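Numbered from 1 within each chain, the chains take letters A, B, ... in sequence-line order. The analysis underlying the following values was restricted to heavy atoms, covering all of them including side chains, and did not include hydrogens, waters or symmetry mates. Keep in mind it's a predicted model, so treat the numbers as computed, not measured.
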There are 2 protein chains.
Amino acid sequence: MKRTEFILQSLRQNGHRITKARRALIKALLRTKQPVAALELHARISKSKVAIDRVTVYRELKFLADIGVVHPVNLKDNIQRYEIAPVSGHKHHLVCTACKTVKNVNVACADLHNLEALLGKKNNFIVREHSLEFYGLCAHCA
Amino acid sequence: MKRTEFILQSLRQNGHRITKARRALIKALLRTKQPVAALELHARISKSKVAIDRVTVYRELKFLADIGVVHPVNLKDNIQRYEIAPVSGHKHHLVCTACKTVKNVNVACADLHNLEALLGKKNNFIVREHSLEFYGLCAHCA
DNA sequence: ATATTTATGCAAATCATTTGCATTTAGGGA
DNA sequence: TCCCTAAATGCAAATGATTTGCATAAATAT
């Protein structure tokens with residue numbers, strides 16, 4: 001459980017408080033291997049006898065995203081999900097459109113960065129980020 | 001106004017009816033250069049004195065997406081947008097996170113297809129599609 | 001222990017989208 | 001042209017995710 005403490009530590013150092021809700025949220029986030037929605041997370045936490053409000057989960061996730069502890073993930077169903085931010089960079093996903101299972105995949109974003117520079121120049125934009133997700137059918141659903 | 005007629009024609013040929021709502025929707029969709037949300041589209045159509053219901057817009061957009069006339073576009077705000085499907089392939093977008101302007105950009109998806117094949121093999125998935133969007137600041141907002 | 005400020009809970013609002021159902025209407029055929 | 005039937009529409013109300021307002025609780029520095 002070292003990762004949890006590391007995150008809490010850095011929160012504390014930045015003047016944020018360590019509360020029951022925050023601790024439960026981060027632990028729950030670390031436990032999941034897939035991006036989770038606020039309500040999903042709230043359900044899981046509730047099941048583990050920790051009582052925190054739905055609204056707190058929404059607020060906390062947004063807060064954690066603001067400070068970069070979690071990354072927002074947007075798939076095609078227009079539900080906001082989050083995942084613990086990796087140590088560096090960001091993740092890409094492979095989503096089964098049938099069972100909704102999400103797998104993390106490695107993509108060499110460096111290749112995209114050239115493209116981004118090009119697009120930026122061509123369109124007079126400063127390109128800051130990209131989102132790249134893959135959709136298909138997992139072995140089980142195919 | 002040839003494109004409109006072409007689309008209506010092909011709808012007719014597939015046994016779908018040409019209604020006032022459908023015609024207005026398609027014309028409105030062809031008029032916009034950026035992905036539009038249902039409510040946005042409804043507002044525009046209403047402004048042009050054509051009275052069609054919000055619900056009809058939602059239903060129609062979903063229908064048009066099902067038959068491939070429009071493509072759903074998902075950006076980071078979890079609002080469902082649509083755009084007229086290009087003759088072949090699909091579009092990618094460059095979104096200004098400040099003013100929300102969306103520009104279409106050309107991406108050689110062929111490069112991604114190699115990657116998709118690889119990911120599919122590695123994860124035992126059948127990869128069907130991808131979504132790749134870019135975010136940044138336009139010249140005006142930078 | 002106390003003050004101060006951050007974080008939480010509860011209720012209610014909001015926003016996008018969907019559903020049920022009764023009514024209208026496009027378009028093929030008599 | 002009129003009618004028939006399925007397809008499309010409109011209206012009202014439901015749903016689901018997310019947000020907001022406000023008063024309270026509780027985490028830390030002093």
Side-chain angles (χ1 to χ4, degrees), chain A residues 4-5 7-29 35-46 49-67 69-70 72-82 100, chain B residues 4-5 7-29 35-46 49-67 69-70 72-82 100:
Chain A
T4 305
E5 290 314 318
I7 292 174
L8 291 176
Q9 187 65 14
S10 80
L11 284 180
R12 197 177 285 118
Q13 284 169 0
N14 283 67
H16 304 296
R17 296 174 181 179
I18 308 308
T19 65
K20 161 187 76 156
R22 191 157 284 167
R23 189 186 308 272
L25 236 342
I26 291 176
K27 283 170 86 171
L29 279 163
V36 269
L39 292 177
E40 222 173 311
L41 210 43
H42 177 255
R44 290 188 200 173
I45 291 172
S46 300
K49 344 185 242 313
V50 180
I52 68 181
D53 197 85
R54 266 223 284 328
V55 177
T56 303
V57 177
Y58 278 104
R59 271 194 287 236
E60 191 63 18
L61 285 172
K62 192 159 293 181
F63 164 75
L64 292 174
D66 279 345
I67 62 174
V69 170
V70 298
V73 177
N74 300 82
L75 306 179
K76 288 194 309 183
D77 61 358
N78 293 326
I79 290 178
Q80 189 60 56
R81 291 166 215 278
Y82 297 89
K100 315 297 177 192
Chain B
T4 306
E5 290 314 319
I7 292 174
L8 290 177
Q9 188 65 15
S10 80
L11 284 180
R12 198 177 286 119
Q13 283 168 0
N14 283 68
H16 306 295
R17 297 176 181 178
I18 309 308
T19 65
K20 159 188 79 158
R22 191 158 285 168
R23 190 186 308 273
L25 235 344
I26 291 176
K27 283 171 87 170
L29 279 162
V36 268
L39 292 177
E40 223 173 312
L41 210 43
H42 177 254
R44 290 189 201 172
I45 292 173
S46 300
K49 348 185 234 318
V50 180
I52 68 181
D53 196 84
R54 265 222 284 329
V55 178
T56 302
V57 177
Y58 278 105
R59 270 194 288 236
E60 190 63 19
L61 286 172
K62 192 159 294 181
F63 164 76
L64 292 174
D66 279 345
I67 62 174
V69 170
V70 299
V73 177
N74 300 83
L75 306 179
K76 290 193 308 183
D77 61 359
N78 294 324
I79 290 177
Q80 189 60 55
R81 290 166 216 278
Y82 298 89
K100 315 297 178 192

message: Whole angstroms only, please: what is the CG-C1' distance between A:Leu41 and D:dT18?
response: 15 Å
- request: Please check if the side chain of B:Asp53 supplies one atom and the backbone of B:Val55 the other of a donor-acceptor pair under 3.5 Å.
  value: yes
- prompt: Between D:dC22, D:dT28, D:dA6, which one does the side chain of A:Arg59 approach most closely?
  reply: D:dC22
task: Work out how much the helix from C:dA1-D:dT30 to C:dA30-D:dT1 bends between its end axes, five pairs an end, to the nearest 10 degrees.
output: 30°
field: Residues in side-chain contact (heavy atoms from CB on, under 4.5 Å) contact with B:Glu40, at least two apart in sequence or another chain
entry: B:Val36, B:Ala37, B:Arg44, B:Arg81
task: Could you state the atom-to-atom distance from CZ of A:Arg54 to P of D:dA17 in whole Å?
output: 9 Å
- prompt: What integer distance in Å separates A:Arg22:CZ from D:dT28:C1'?
  reply: 13 Å
Integer-rounded Å distance: D:dT28 P and A:Arg17 CZ: 7 Å
task: Could you tell me whether the side chain of B:Arg22 and the main chain of B:Arg17 form a donor-acceptor pair under 3.5 Å?
output: yes
For B:Arg12, side-chain contact (heavy atoms from CB on, under 4.5 Å) partners two or more places apart: B:Gln9, B:Ile18
- request: May I have the distance from A:Tyr82 (atom OH) to D:dA17 (atom P), rounded to whole angstrom?
  value: 14 Å
- prompt: Any sub-3.5 Å donor-acceptor pair from A:Asp77's side-chain atoms to A:Ile79's backbone N or O?
  reply: yes
field: Distance in angstrom units between B:Leu25 CG and D:dA8 P, rounded
entry: 13 Å
- line: The reported gap from CG in B:Leu41 to CG in B:Leu29 (rounded to nearest 0.5 angstrom) is 5.0 Å
Set of side-chain contact (heavy atoms from CB on, under 4.5 Å) partners for B:Val50, sequence neighbours left out: B:Lys20, B:Ala24, B:Ile45, B:Ser48, B:Ile52
statement: Separation of D:dA29 atom C1' from A:Gln13 atom CD, nearest Å, is 16 Å
- prompt: Has A:Thr19 got a side-chain N or O lying under 4.0 Å from the OP1 or OP2 atom of D:dA26?
  reply: no
query: Which distance, rounded to the nearest 0.5 Å, do you find between the CD1 of A:Ile26 and the CG of A:Leu8?
result: 4.5 Å
task: Please check the phosphate of D:dT18 (OP1 and OP2 only) for any side-chain N or O of A:Tyr58 closer than 4.0 Å.
output: yes
Nucleotides bounding contact with chain B, strand DNA chain C, heavy-atom threshold 4.0 Å: C:dA16 to C:dG27
task: Under the side-chain contact (heavy atoms from CB on, under 4.5 Å) rule, collect the residues that match up with A:Lys76, sequence neighbours excluded.
output: A:Tyr135, B:Asn74, B:Glu129
- request: Can you tell me the distance, in whole Å, between the NE2 atom of A:His16 and the P atom of D:dT28?
  value: 12 Å
